[in-house]
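Labels below follow one simple rule: chain letters A, B, ... track the order of the sequence lines, proteins then strands, and each chain is numbered from 1.
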Amino acid sequence: MELLCPAGSMPALKAAIEHGADAVYIGLKDDTNARHFAGLNFDEARLKEAARFVHQHGKKLHVAINTFAHPDNYQRWQQAVDIAANAGADVLILADIAVLAYAAGRYPKIERHLSVQASATNAAAINFYRQFGISRVVLPRVLSMQQVRALAKSCDIDLEVFAFGSLCIMAEGRCYLSSYMTGQSPNTAGACSPAAFVQWQDNNGTLESRLNGILIDRFAPNETAGYPTLCKGRFNVGADTYHALEEPTSLNTLDLLPQLYAEGIKSLKIEGRQRSPAYVTQITQVWRAAIDAVMADPQRFSVQQQWQQVLAGLAEGSQTTLGAYHRKWK
Amino acid sequence: MKFSLGPVLYFWPKAQMQQFYRDAADSTVDIVYLGETVCSKRRELKFDDYMALAQMLREASKQVCLSSMTLYEAPGELRELRKYVDNGEFLVEANDVGAISMLQQHNLPFVAGAAINCYNQHSLRHLVAMGLTRWVMPVELSQHWLDTLLSQGVISDIRDCFETEVFGFGHLPLAWSGRCFTARSENRSKDQCELCCINYPQGRQATSQDGTAVFVLNGIQTQSGSRYNLINQLPAMQGMVDIVRLSPQPQGTFDWLTKFKANINGTAPQPLAATDSNGYWLNLAGMATG
């Protein structure tokens, strides 16, 4: 079972490798990947450097090129594949069928993983993408553990699941809420609820967060104000004001680790390319220890209190959830 | 330019559905999409009921297309999809690539719905090779995006192999989740939802705390809070868009069909309501009005 950690910068990448990641995933410094944030990611020279460092340590480098190519500059997505391939990427994480087909034809020996942005939630969808020679599928965060188990049993392909981090509650790759409010979506711009549209306003002690002018939430002085990700705001439905879609909380599957291991899940992905090297260090340490423990003795595995404390401290709103893996969440 | 009725996205009682499709049969609409696309627990109409409606509409000279679900999570849902694929009579709209996979295996033509991620000419070319005969553009794309895509040389030789359809009226389907937001709004879990979405024939509105309509909750689907309305953009679609889709609303759908048809050439423009939007088409935020 692989530990796959995020890196948005060279220091984060080094932190992940030095603290026990089996592989690291990164993106280029443009909108060809789903974490297109200012000051983040790798240019061509840095990507080569990253590949060298990862390979010196005997680990693997995954490069995410997982937004959908635009009609007027499709070549940029092809070039992103070329750059990653030439830099020595071990794996390309792809979502657009044209980009998948290009990578399969041009670089057949470089592994292709189906990005979560391709939104493959069932055996028939996985079957569809097999024509592009994929070797692994990253599952969307909408499935229950029971559904993950059924897929693991019915599909003869490696599966990767999200283990920890920000929780997308919608089927990834098919959520247009962000472009509805801002004009920019994960699919088209590689960003959700982009920071450029965020406004904060203090009204006599009540803090208001807005996204492109739309009120996402109001925080009383005693409340912790979270980033206005639009699906995690408080809205009015009927007579109630509440988190109509989801609370600000992070996914944490530590409790499910023995089950994920038993089903032969190939890789655990940690979300958070936008996070700091310090975050990557802590999260990698905890998950390395947990995975080592479950692999050493799955029957006697138990979640250590100290791991949960570290993870809770790193979670959005200091809250964690099993998300859709746990049926009751739905 | 033709007009279509999209699948009913809400959960309506059987009698209301049957009345709606009798009205559709009597209307001037060209194409009718039928089927449950949101939640497999909604079973007021079963597959055979949809087939009976499809046959009735075909008798009324409508072109009929069966719409399949968007989010498939369980093996039982794929068995239901298989029935759609094997229906033997009607074209199928795929809203998940799993449906395309099954249709492709049977060498059947298909419509790629708006939730299929086709954003560029190369992807479209691949889909045409797999059997796509009609492409419904993702709802978040603009006139400029469509125009740019369709004018690329890569697809000039296959331009006659597919039709282009645009979602032009109704609350936009924007997201699908493992969670049911209607059940959540009634403090129920999805497993104990008691099909409460049947009480909300146009979904449940979610507004910001200062009163802006933000979303419409429709089971596991989240829709736009505003009603998308491209009636005044029809003249600009000439030569690019073959079919304009109207998404069924509980009231007034056929009146709007009449208004749309009257404005194909721009001779009967309509003022937009304050709750309407057209931002996506105009390359703005979706909820904006230009």
For side chain to side chain contact (heavy atoms under 4.5 Å, CB included), just list the numbers for A/Ser119 and B/Trp176, CA-CA rounded to whole Å, side-chain angles, deciding distance to a tenth of an Å, and then say yes or no. CA-CA 11 Å; A/Ser119 208; B/Trp176 293 262; over 6 Å; no
Test your reading of the model: is there a side-chain donor-acceptor pair from [X] to the backbone of [Y], 3.5 Å cut-off?
{"X": "A/Asn122", "Y": "B/Pro75", "result": "no"}
{"X": "B/Gln121", "Y": "A/Pro71", "result": "yes"}
{"X": "B/Arg179", "Y": "A/Ile169", "result": "no"}
{"X": "B/Ser101", "Y": "A/Ala125", "result": "no"}
{"X": "B/Thr148", "Y": "A/Asp72", "result": "no"}
{"X": "B/Gln209", "Y": "A/Arg234", "result": "yes"}

Out of A/Ala244, A/Ala324, A/Gly323, which one racks up the most heavy-atom pairs below 4.5 Å with chain B?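 Of the candidates given, the most pairs with chain B belong to A/Ala244.
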Specify which of [options] makes the most heavy-atom pairs with chain A at under 4.5 Å.
{"options": "B/Ser224, B/Ala99, B/Ser189", "value": "B/Ser224"}
{"options": "B/Ile100, B/Thr70, B/Asn283, B/Leu284", "value": "B/Thr70"}
{"options": "B/Leu141, B/Leu71, B/Leu81, B/Ile220", "value": "B/Leu71"}
{"options": "B/Leu124, B/Val154, B/Leu172, B/Thr222", "value": "B/Thr222"}

How about CG on A/Asn203, more than 12 heavy atoms from neighbouring residues, nucleotides or ligands closer than 6.0 Å, or not?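 Enclosed.
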Considering only NZ, NE, NH1 and NH2 on the basic side and carboxylate oxygens on the acidic side, decide whether [X] and [Y] come within less than 4.0 Å.
{"X": "B/Arg184", "Y": "A/Glu247", "answer": "yes"}
{"X": "A/Arg174", "Y": "B/Asp96", "answer": "yes"}
{"X": "A/Lys330", "Y": "B/Asp191", "answer": "no"}

What's the separation between atom CG in A/Leu177 and atom CG in B/Leu174, rounded to the nearest 0.5 Å?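 Nearest 0.5 Å value for the CG-CG distance: 5.5 Å.
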Measure the spacing between CD1 of A/Ile97 and CG of B/Leu127 and express it to the nearest 0.5 Å.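 So the gap between those two atoms works out to 4.0 Å.
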Atom group of [X] that falls short of 4.5 Å from chain A, counting heavy atoms:
{"X": "B/Gln105", "value": "side chain"}
{"X": "B/Ser226", "value": "both"}
{"X": "B/Glu73", "value": "both"}
{"X": "B/Asn95", "value": "backbone"}
{"X": "B/Thr212", "value": "side chain"}

Please determine, by modelled atom types, if [X] and [Y] share a side-chain donor-acceptor pair under 3.5 angstrom.
{"X": "A/Ser179", "Y": "B/Tyr280", "answer": "yes"}
{"X": "A/Asn187", "Y": "B/Tyr119", "answer": "yes"}
{"X": "A/Gln131", "Y": "B/Gln104", "answer": "yes"}
{"X": "B/Ser123", "Y": "A/Asp96", "answer": "yes"}

[X], part contacting chain B, at a heavy-atom distance under 4.5 Å:
{"X": "A/Asp217", "value": "both"}
{"X": "A/Phe197", "value": "neither"}
{"X": "A/Phe132", "value": "side chain"}
{"X": "A/Leu230", "value": "both"}
{"X": "A/Ala69", "value": "both"}

Out of A/Tyr102, A/Trp77, A/Phe68, A/Tyr74, which one pairs with B/His122 under the ring pair (Phe, Tyr, Trp, His ring centres under 6.0 Å) rule?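 Only match with B/His122 under ring pair (Phe, Tyr, Trp, His ring centres under 6.0 Å): A/Tyr74.
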Is any residue of residues 130-140 of chain B within less than 4.5 Å of chain A by heavy atoms, and which ones?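 Answer by number: B/Met130, B/Val139, B/Glu140.
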Measuring only between side-chain heavy atoms, which start at C-beta, is B/Leu217 closer than 4.5 Å to A/Leu245?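 Contact flag for B/Leu217/A/Leu245 side chains = yes.
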Classify the ring geometry between A/His70 and B/Trp145 as parallel (under 30°), tilted (30 to 60°) or perpendicular (over 60°).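 The rings of A/His70 and B/Trp145 sit tilted, inter-plane angle from 30° to 60°.
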Could you walk me through whether A/Met181 and B/Phe215 pass side chain to side chain contact (heavy atoms under 4.5 Å, CB included), step by step? CA-CA 10 Å; A/Met181 268 193 205; B/Phe215 308 124; 4.0 Å; yes
Closest non-hydrogen atom pair, A/Val237 against B/Ala206: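 A/Val237 and B/Ala206 have their closest heavy atoms at CG2-CB, 3.8 Å.
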